[in-house]
Amino acid sequence: MNISSASAPRWQLLASTSLIALIALCLAWEGWLAPLRPGGSWLILKGCFLLIPLFGILRGKRYTYKWLSLFVQFYLLEGLTRATSEHGPSQWLAGGETLLASLLFAACILYVRATRPPPAAA
């Protein structure tokens, strides 16, 4: 598959959008929509951890995309686990988390591939 550097802004936009949406979903989920405990829980911090890579993603830092593609798999795992073990609103929110984490993972990988430097000529 040939991914040109011209597609890098598209992958950056998708990664930025899905990261911001994932942050909003995690904060709303554990804060108000369906918290683990009534009144909220410490799981709201999982949304705060996603603020760490936000500026690197918005600025197009390749290194941030690389490590975020590994880090976001924890959110994918949590979303899949809770989507299959919970019921009601939490199940739907977990499905949304799974979808957003998958989009973010794919966008990170495709951005890193699109911004890969060309091989050196021998």
Side-chain angles (χ1 to χ4, degrees):
M1 180 162 81
N2 186 11
I3 300 174
S4 69
S5 62
S7 64
R10 180 180 6 183
W11 302 126
Q12 184 178 11
L13 178 63
L14 180 62
S16 301
T17 305
S18 57
L19 177 59
I20 291 168
L22 186 58
I23 291 169
L25 175 75
C26 289
L27 292 177
W29 180 3
E30 296 302 338
W32 305 278
L33 298 176
L36 202 56
R37 293 194 175 102
S41 70
W42 283 99
L43 272 178
I44 201 166
L45 292 176
K46 74 179 180 183
C48 297
F49 285 126
L50 290 172
L51 292 172
I52 296 168
L54 181 60
F55 291 111
I57 294 297
L58 294 174
R59 292 184 180 129
K61 305 285 186 186
R62 250 179 128 245
Y63 184 73
T64 306
Y65 280 84
K66 287 179 180 181
W67 70 260
L68 181 59
S69 68
L70 299 173
F71 183 67
V72 76
Q73 292 180 30
F74 289 113
Y75 292 84
L76 180 61
L77 178 65
E78 186 218 8
L80 287 171
T81 302
R82 291 181 75 176
T84 57
S85 64
E86 295 191 11
H87 302 289
S90 289
Q91 188 175 27
W92 289 101
L93 293 167
E97 182 182 36
T98 301
L99 177 68
L100 289 171
S102 299
L103 282 173
L104 180 56
F105 175 74
C108 286
I109 296 300
L110 292 170
Y111 180 83
V112 168
R113 286 190 67 188
T115 58
R116 178 175 35 199

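Computation of the quantities below employed the complete heavy-atom set of this structure, encompassing side-chain atoms and omitting hydrogens, waters and symmetry-equivalent molecules.
- Screening residues 63-91 for salt bridge (Lys or Arg N to Asp or Glu O under 4.0 Å), with sequence neighbours left out, gives E30-R82, K46-E78, E78-R82, R82-E86.
- Once rounded to the nearest 0.5 Å, the distance linking OH of Y111 with OG of S69 reads 13.5 Å.
- Apart from L80 itself, the hydrophobic cluster it occupies contains L76, where clustering links Ile, Leu, Val, Met, Phe, Trp and Tyr at side-chain heavy-atom distances under 4.5 Å.
- For A15, the side-chain contact (heavy atoms from CB on, under 4.5 Å) partners are I57, Y65, L104, A107, not counting sequence neighbours.
- Residue L100 holds its CG atom at 15.0 Å from CZ of F105, rounded to the nearest 0.5 Å.
- With rounding to the nearest 0.5 Å, the separation of CG in L45 from CG in L51 is 10.5 Å.
- Minimum heavy-atom separation, G95 to A83: N-CB, 4.2 Å.
- Residues meeting the side-chain hydrogen bond (donor to acceptor under 3.5 Å, both in side chains) test with R62, sequence neighbours left out: T115.
- Among all heavy-atom pairs drawn from T84 and T81, the shortest one is OG1-O, 3.1 Å.
- The side-chain contact (heavy atoms from CB on, under 4.5 Å) test applied to W92 returns no partner, not counting sequence neighbours.
- In the hydrophobic clustering of ILVMFWY residues, with side-chain heavy atoms under 4.5 Å counting as a link, L58 and Y63 come out together.
- Pairs of residues two or more places apart, or lying in two chains, never qualify as salt bridge (Lys or Arg N to Asp or Glu O under 4.0 Å) while including a residue from residues 14-26.
- The shortest non-hydrogen separation linking L68 to P53 is CD1-CG, 3.8 Å.
- Atom CG of L54 sits about 11.0 Å away from atom CG of L22, to the nearest 0.5 Å.
- One hydrophobic cluster, built from ILVMFWY side chains closer than 4.5 Å, cannot hold both L77 and L25; they sit in different ones.
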Inset, instruction - Would you sort out whether C48 and L27 count as a side chain to side chain contact (heavy atoms under 4.5 Å, CB included), showing the intermediate values? - result: CA-CA 8 Å; C48 297; L27 292 177; 4.2 Å; yes

Inset, instruction - Please assess Y75 against F49 for the test side chain to side chain contact (heavy atoms under 4.5 Å, CB included), listing each intermediate value before the final yes or no. - result: CA-CA 11 Å; Y75 292 84; F49 285 126; 3.7 Å; yes

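- Note: the hydrophobic cluster containing I23 also contains W29 (ILVMFWY, side chain heavy atoms under 4.5 Å, direct or indirect links).
- Between C26 and L50, the closest heavy-atom pair is SG-CD1, 4.5 Å.
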Legend entry - L14 and L110: CA distance, side-chain angles, deciding distance, side chain to side chain contact (heavy atoms under 4.5 Å, CB included) verdict: CA-CA 10 Å; L14 180 62; L110 292 170; over 6 Å; no

Inset, instruction - Go through W11 and I109 one step at a time and tell me if the side chain to side chain contact (heavy atoms under 4.5 Å, CB included) criterion holds. - result: CA-CA 9 Å; W11 302 126; I109 296 300; over 6 Å; no

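- There is no path of hydrophobic side-chain contacts, each under 4.5 Å, that joins W32 to I20.
- For the pair L93 and A34, the tightest heavy-atom approach, listed with the atom from each and the gap, is CD1-CB, 4.0 Å.
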